[in-house]
Peer 1: 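There's a structure below that I have some questions on.
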Amino acid sequence: MVSTSPVNQQSNMELQVLVFGPQARMVGTDRLTLKELRLPTAANEVLSRIGGTYPELAGSLSVSRLAVNQEFVDATALINTGDEVALIGLISGG
Amino acid sequence: MVSTSPVNQQSNMELQVLVFGPQARMVGTDRLTLKELRLPTAANEVLSRIGGTYPELAGSLSVSRLAVNQEFVDATALINTGDEVALIGLISGG
Amino acid sequence: MPIDAPETQVRVRLIDGPISELRSPTWVADVIAAASAGAVLTFAGHVRDSEVTEDNHTQPILGLEYEVYEPMTSQELTLLSRQHAIKHGVLAVDVQHSFGFVANGECSFVLQVASAHREEAIRFIDEFIREMKKHVPIWKVPRLK
Amino acid sequence: MPIDAPETQVRVRLIDGPISELRSPTWVADVIAAASAGAVLTFAGHVRDSEVTEDNHTQPILGLEYEVYEPMTSQELTLLSRQHAIKHGVLAVDVQHSFGFVANGECSFVLQVASAHREEAIRFIDEFIREMKKHVPIWKVPRLK
């Protein structure tokens, strides 16, 4: 009963990603929208989709990380429906 | 008219040297007295005479300097009658 | 004197607008007094009157608009404080960072650390700030003149 | 932003007894605000509750008796401030050091420095204190329990 498609995998999903500071100014919004995603999906896939959908951000994605539910995640971490996802980039506190 | 003894050189002089902190506690006074000095004399000669007269201080003289009229002086600086001389050693501010 | 593995005390606050010098933490000094131990080092960062742009030009600004992402910002500041406190053996850490608008010359960041000797405190301040700028979600956007 | 070779401001004070945190200098922050430039770092040294003796024993103490040699002590503190301010490019230096008795836990030394960036201030504090302990005529004698 092995399946390549987990039971709870969902296609054609929309994912919103919070964005802040200079990156929010670049795209003119504090909330990115990625359409037609298959969830769950890996963090690096989300970053790659952000770069494709928002070319203004492509230059700063190499110094950005994703946070899921308010914690930094690795490139391979899975993002699920209902997760709070944030793009944390171009940090410069202090 | 060359003389090995400058006109204003004085023998059998007494020199007082201010001393502070732990060194003052070691000798039980804040004022060392060196007798039968020939003035002017070099700072290193004064340090050496302090070591001879106050053996309690011998151990700390290697980390001590002389100040003359409130300024640090080199080993070869001359000390004259009337100079205010201080032994600055075992410093530990802060 | 060996210190009996004291638990580090950490306090993190986000402040709306500039940080008043008078509001600076005094409890860190109390920790020091209680421990009868050594050094309190306080770093205060003030907003400068210009920003260097991406193309390396200097432009005058009115101040900086700080954004935070709560509670993650406070969590990350707390984590960073604890990690570096253990690494450097410091006794207490107090962090204040502004959010919202802070004008030129005003203070937007205060980091205070207490330790037995000055060396730990100096290393802590240096590393903490470097790491904060890389990893803690705080953003600034210049308000142009 | 290049700074037009500002003259460093230096203030040195010797304080009879412990230094109150409330008496900490605020004019350094004013210098920073006026220059719209960057960092204020403050080091406060507190008396510890024990001293290490020459034979490496730790003995409990009530506090420290500080001696100074005026005006030489103030002169040397001022000289050290100016030398290191120029070396590290800092804008303002404020030094307070106690003389007389300071009890355990109380503050006996405050060094505050303002600079455009934190790195200069950190290097200044570190070097200044190391040099002060070697070269400035200030002595301490423990008051034993």
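Every chain is numbered from 1, with letters handed out A, B, ... down the list of sequences.
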Peer 1: In terms of heavy-atom proximity below 4.5 Å to chain A, should C:Pro142 be classed as side chain, backbone, both, or neither?
Peer 2: neither
Peer 1: Which bit of C:Glu76 comes within less than 4.5 Å of chain A, counting heavy atoms only: side chain, backbone, both or neither?
Peer 2: side chain
Peer 1: With the side chain counted from C-beta on, respond yes when A:Leu66 and A:Ile79 share a heavy-atom pair under 4.5 Å apart, and no when they do not.
Peer 2: yes
Peer 1: Can you confirm whether C:Phe109 sits close enough to C:Ile129 that some side-chain heavy atom of one is under 4.5 Å from a side-chain heavy atom of the other?
Peer 2: yes
Peer 1: Are the side chain of A:Gln23 and the backbone N or O of A:Phe20 linked by a donor-acceptor pair below 3.5 Å?
Peer 2: no
Peer 1: For C:Phe43, which atoms come within 4.5 Å of any heavy atom of chain A: side chain, backbone, both, or neither?
Peer 2: neither
Peer 1: Within the structure provided, determine whether C:Leu41 and C:Arg118 are in side-chain contact (heavy-atom separation under 4.5 Å).
Peer 2: no
